[in-house]
Amino acid sequence: ALRLTLENEGAETSEIRSRMDELVTASQAMATRLYQQAAQQSQAASSEPETGDDDVVEAEIIDDDEA
């Protein structure tokens, strides 16, 4: 809508400002949704249990020269 208003050479300043306000409002709403989705994904990722490396074996190194 803003682009069409700007293309109209006879557009009033108040109409352009109104369209700009609409664009800012829509942009802020989109940013809020993206932020909420990122927070939900982050929360879901942090609530998942960490998968450890099940192939780890504890061992002790014994030097045969000292035995």
*How long is the span from the CZ atom in R3 to the CG atom in N8, to the nearest 0.5 Å?*
14.5 Å

*Within the distance-only criterion (no hydrogens, no angle test), does the side chain of T32 pair as donor or acceptor with the backbone N or O of Q28 below 3.5 angstrom?*
yes

_Criterion side-chain contact (heavy atoms from CB on, under 4.5 Å) against M20, the qualifying member of T5, T25, L2, L6_ = L2

*With sequence neighbours left out, what residues match E22 under salt bridge (Lys or Arg N to Asp or Glu O under 4.0 Å)?*
R19

*Separation between CD of Q41 and CD of Q43, rounded to the nearest 0.5 Å*: 11.5 Å

*Atom CG of D21 and atom OG of S14: how far apart are they, to the nearest 0.5 Å?*
11.0 Å

